[in-house]
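All values below were derived from every heavy atom in this structure, side-chain atoms included, with hydrogens, water molecules and symmetry-related copies excluded. Every number for a ligand or one of its atoms is a count from 1 in the order of the listing.
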Amino acid sequence: MSTTLPRIAIVIPCYNEEEALPITAPRILQLLDRMSADGLVALDSFVMCSNDGSRDRTWQTIERLHAEDPRIKGISLAHNRGHQYALMAGLMAVRDMCDAAISIDADLQDDPEAIIRMVEEFRRGKEIVYGVRSSRATDTWFKRTTAHAFYSLQHHMGLDTVYDHADYRLLSARALDLLSEYGESNLFLRGIIPQIGLDTAIVTYERHERVAGESKYPLGKMLSFSIDGITSFSSKPIRIIFIVGLILLLIDIAVAIWVFASYFSHRTISGWTSLIISIWFLGSLTLMAIGIVGEYVGKIYTEVKHRPRYAIRDRIL
Ligand code: UDP
Ligand code: MG
């Protein structure tokens, strides 16, 4: 264990969280107070709220909370870029201000008490500590099933993610520095962070209901997030198209032999049903294939533009 206490930054991405933040921020501050009283973290540990272009009064709420306690800090993105970008902006903002950063959602669904165990792991020398939920009992059946389907799809597509870990994790200052080197525009932190390496640990926690407000992750956003995850890290889908094409070619050869045999034995080929079915089948397959290739072309398109991933409008430090 090091002799000086680590300065910890708690990074909270916030999109339309005016209802949740006034509950969440004091809860986190109380936790930090308790941890510094127990000699676990430095007194000047703080909270960084990353406002993701909210349409409600989230930024004013952050300003008010900062006036009450300057340990609440904030940055504000110029427009809504999504959870991953808000999180990345927050992490990069605290990179030079802390010994380790912990990211947690604004809705307190992830039990903040796990922060204590994360910091303990950090002080034992772990540089990345993943929060992994112990059960999904509080999720709706639909969210639970779709989430598990997405995880297993990602694994089969060769994406190395930690099962049932969302973006609740601790990153040491060194891990943050290494993370800053990943310049990709398509951000999928759950895929990037296992690639960083370093010593890691897992901490399990209970996931609760949202404290206030409603989910900012409807099915559409979740689906596109998962597709992004796969296509940002794996080119397996492209290979699958190739293999399907190869199998079809082999079937084609068998069909051709059969057609020739029928032709020479003077049997007539009946009806157009089979013809229509194969046209539809091949047509849909072609469209699907073009779609998948298009996903990658789209990715390349956004990467080569090298646009900034987010723009910061305001800071309260
Ligand atoms: N969030 C964000 N930008 C968005 C959507 C969500 O910064 O475009 C934040 C949100 O404020 C919350 C976290 O990401 O702190 C997770 O969102 P939410 O709780 O709505 O997702 P769920 O838990 O329902 O998947
Ligand atoms: Mg949530």
Side-chain angles (χ1 to χ4, degrees), residues 9-28 47-62 65 72-94 101-112 114-115 131-151 154 161 164-169 185-190 205-229 309-314:
I10 310 290
V11 178
I12 310 178
C14 311
Y15 177 57
N16 296 346
E17 299 286 7
E18 64 178 1
E19 290 166 62
L21 260 187
I23 305 170
T24 304
R27 270 283 294 278
I28 302 279
V47 174
M48 170 61 74
C49 304
S50 179
N51 175 32
D52 187 14
S54 299
R55 289 167 213 281
D56 65 357
R57 298 184 55 80
T58 298
W59 184 242
Q60 287 84 340
T61 308
I62 296 170
L65 290 166
I72 305 275
K73 303 176 194 301
I75 55 168
S76 189
L77 303 193
H79 57 131
N80 180 234
R81 287 288 285 123
H83 175 220
Q84 298 289 292
Y85 298 86
L87 188 53
M88 187 69 165
L91 291 173
M92 292 303 112
V94 302
I102 296 169
S103 47
I104 187 168
D105 289 350
D107 55 12
L108 288 186
Q109 281 192 285
D110 304 320
D111 184 8
I115 290 176
V132 170
R133 52 208 294 199
S134 48
S135 83
R136 278 183 176 264
T138 56
D139 272 3
T140 59
W141 175 87
F142 185 71
K143 183 127 190 171
R144 200 160 57 226
T145 322
T146 49
H148 276 178
F150 289 156
Y151 276 112
Q154 287 173 2
T161 51
D164 264 357
H165 157 70
D167 286 293
Y168 186 22
R169 69 173 85 80
S185 302
N186 296 286
L187 263 190
F188 188 68
L189 291 168
R190 290 171 216 184
Y205 66 92
E206 290 278 337
R207 187 151 156 114
H208 307 294
E209 307 277 1
R210 229 173 198 284
V211 286
E214 55 194 32
S215 174
K216 277 83 191 168
Y217 261 96
L219 178 68
K221 262 194 186 174
M222 239 165 68
L223 199 67
S224 92
F225 186 53
S226 187
I227 293 173
D228 271 355
R309 289 183 287 202
Y310 45 78
I312 295 175
R313 181 182 14 210
D314 289 307

Using 4.0 Å as the upper bound for N to carboxylate O, is an ion pair formed by Arg190 and Asp167? yes
Within the distance-only criterion (no hydrogens, no angle test), does the side chain of Asp107 pair as donor or acceptor with the backbone N or O of Gln109 below 3.5 angstrom? yes
With distance as the sole test, does Gln84 use its side chain to make a donor-acceptor pair with the main-chain N or O of Leu189 at under 3.5 Å? yes
Taking Ser185's backbone N and O only, do any of them form a donor-acceptor pair with Tyr85's side chain (distance below 3.5 Å, no angle check)? yes
Given 3.5 Å as the limit, does a donor-acceptor pair link the side chain of Ser54 with the main chain of Asn16, or not? yes
Salt bridge Arg210-Glu19, side-chain N to carboxylate O under 4.0 Å: no
Is the backbone of Asp314 close enough, under 3.5 Å, to the side chain of Ser76 for a donor and an acceptor to pair up by distance? no
Return a table of N or O atom pairs, ligand 1 on one side and protein on the other, at distances under 3.5 Å, rounded to 0.1 Å.
residue	atom	partner	partner atom	Å
ligand 1	3 (N)	Asp52	OD2	2.6
ligand 1	3 (N)	His83	N	3.3
ligand 1	8 (O)	Asp52	OD2	3.4
ligand 1	8 (O)	Asn80	ND2	3.2
ligand 1	8 (O)	Lys221	NZ	3.2
ligand 1	11 (O)	Pro13	O	3.4
ligand 1	11 (O)	Tyr15	N	2.8
ligand 1	11 (O)	Glu17	OE2	2.6
ligand 1	15 (O)	Pro13	O	2.7
ligand 1	15 (O)	Ala106	N	2.9
ligand 1	19 (O)	Asp107	OD2	2.6
ligand 1	19 (O)	Arg210	NH2	2.9
ligand 1	20 (O)	Arg210	NH2	2.9
ligand 1	20 (O)	Lys216	N	2.4
ligand 1	23 (O)	Gln109	OE1	2.7
ligand 1	23 (O)	Arg207	NH2	3.0
ligand 1	24 (O)	Ser215	OG	2.5
ligand 1	25 (O)	Lys143	NZ	3.0

Could you give me a count of protein N/O/S atoms that are under 2.8 Å from the Mg ion (ligand 2)? 2
Could Asp110 and Arg207 be called an ion pair, given the rule that one side-chain N must be under 4.0 Å from one carboxylate O? yes
Is a side-chain N or O of Ser50 found less than 3.5 angstrom from the main chain of Ile12, in a donor-acceptor match? no
